There are 2 protein chains.
Amino acid sequence: MEHTRWLDEDEQQTWRAFLAAQRLVSDKVERRLQAAAGMPQAYYEILARLSEAPDRTLRMSVLAESALSSRSRVSHAVARMEESGWIVRRSCPTDRRGQLAELTDEGLRVLEAAVPDHVESVREAVFDGLTRDQQAALREAMEAIVAHLSERPGWPVTGDSGPDGPDAARAS
Amino acid sequence: MEHTRWLDEDEQQTWRAFLAAQRLVSDKVERRLQAAAGMPQAYYEILARLSEAPDRTLRMSVLAESALSSRSRVSHAVARMEESGWIVRRSCPTDRRGQLAELTDEGLRVLEAAVPDHVESVREAVFDGLTRDQQAALREAMEAIVAHLSERPGWPVTGDSGPDGPDAARAS
DNA sequence: TAGTACAAGATGAACGCTCAACCATTCCGG
DNA sequence: CCGGAATGGTTGAGCGTTCATCTTGTACTA
């Protein structure tokens, strides 16, 4: 690493707008979801993915990936939601390491009760402020970023620093 | 509230892309800042605002607003950074309720040491994935969202639920 | 000049997330 | 078929954020 590729004026403004929009939107959405349904966005995401899955069941690792969460996060979250009775865990028949997370009826009810207000808050936070063209452009840009970040992302996408420490036994 | 204004297919995809890009970008940037400088993004933001202010000094509330943080967050964060010797707090001469936060020389050094790698990570996460046109469009959309969210935002922008609880003594 | 409303900050508990370990199981090369 | 590496998932400590509350100080109004 030698010299920094600084941001020009335009890029600075773009980055600031990105940051601001990001914070404003997720604050608003998160806060409202918390108030209305008593759960953070990450939990909602998990419940949503499960509800779309066959048998409302997913392996923990698949769940983590599809909800863009680290394994650790999902593990904690599912444990918590199991206590609430929204999810049950069973061990996977074909791979004895694996765990299956299944959405319970109760969990589905809670999710469905949360959806309408959540959707409304997303609309207010994002779409009510955009023209149709702006929305299309936003989508294109976001998808480009995601695509760029999903190929060879420096170190793994999901984080979680690997099974052992940063460099354990990895020599030779 | 009667019927929900659901998201159509296009809006769904836009929202998912927004969420994904948001998570991917802030994960990457946050993680790298933490690794390289040992501070979260929110702290960086605070230090950055202070460094741009006259006398590297800002009132807590102004600092909170300009860093898009809640008062409470800034209070905790500044307390922590004061222990690290990056910031000092003085009471405000003109308003004895107020506190002034000033960036120390040490704090400025730490910030400046953190900047280059942070900027690089932002470039990699965002700008390397976008054409110039996409970047301009992204900026426009983000600014539209921010503008929309900054006027009459339902309840106050910064959060923090007000001086007293949700409805304390407020009756008649 | 009270008295009441409001603003600025601080604070502690609750909570979710991350990081670094750790155990169990499966995969794979010799 | 054995032994090391990789995979799947969990766990606990540490930390930052939020929420509700409190204290102190200012502003407004009667």
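FYI, side chains are in, hydrogens and waters are out, and symmetry mates aren't considered; it's all heavy atoms of this structure. We name chains A, B, ... by the order of the sequence lines, and we start the count at 1 in each one. As the structure is a prediction and not an experimental result, all values here were calculated from the model.
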Could you tell me the separation between the [atom1] atom of [X] and the [atom2] atom of [N], rounded to a whole number of Å?
| X | N | atom1 | atom2 | answer |
| --- | --- | --- | --- | --- |
| R71(B) | dT21(D) | CZ | C1' | 16 Å |
| L33(A) | dT17(D) | CG | P | 20 Å |
| L63(B) | dA10(C) | CG | P | 11 Å |
| Q99(A) | dC23(C) | CD | P | 18 Å |
| L58(B) | dG9(C) | CG | P | 10 Å |
| R31(A) | dA20(D) | CZ | P | 10 Å |
| R59(B) | dT26(D) | CZ | C1' | 11 Å |
| Q34(A) | dT18(D) | CD | P | 11 Å |

Quick one: is [N] close enough that its OP1 or OP2 comes under 4.0 Å of any side-chain N or O from [X]?
| X | N | answer |
| --- | --- | --- |
| S61(A) | dG9(D) | yes |
| R96(A) | dT26(C) | yes |
| R89(B) | dG9(C) | no |

Looking at [X] and [Y], what are the two nearest heavy atoms and their distance?
| X | Y | answer |
| --- | --- | --- |
| C92(A) | R59(A) | SG-NH1, 4.0 Å |
| A20(B) | V146(A) | CB-CG2, 3.8 Å |
| T104(B) | G85(B) | OG1-O, 2.7 Å |

So do the side chains of [X] and [Y] get within less than 4.5 Å of each other, counting heavy atoms only?
| X | Y | result |
| --- | --- | --- |
| R32(B) | H118(B) | no |
| Q22(A) | V25(B) | no |
| R5(B) | D128(A) | yes |
| S61(B) | R71(B) | yes |

Regarding dC19(C), can its base be found pairing with the side chain of S72(A) as donor and acceptor, where the two atoms are less than 3.5 Å apart?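 Side chain to base: pair present.
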Any N or O donor-acceptor pair under 3.5 Å from the base of dA7(C) to the side chain of R97(B)?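 It does, because a donor-acceptor pair links the side chain of R97(B) to the base of dA7(C) below 3.5 Å.
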Between D27(B) and R23(B), is there a side-chain N and carboxylate O pair less than 4.0 Å apart?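 Salt bridge flag = no for R23(B) with D27(B).
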Side chain of Q134(B), backbone of A141(A): donor and acceptor closer than 3.5 Å?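 No: the side chain of Q134(B) does not pair with the backbone of A141(A).
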Under 4.0 Å, heavy atom to any atom of DNA chain C: which of residues 37-49 of chain A qualify?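 Residues of residues 37-49 of chain A under 4.0 Å from DNA chain C: P40(A), A42(A), Y43(A).
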Return whichever of T94(A) or R73(A) has its heavy-atom-nearest nucleotide of DNA chain C closer to the 5' end.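 It is R73(A), whose closest nucleotide lies nearer the 5' terminus.
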For DNA chain D, which residues in residues 74-86 of chain A have a heavy atom at a distance below 4.0 Å?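 Nucleic-acid contacts, sorted: S75(A), H76(A).
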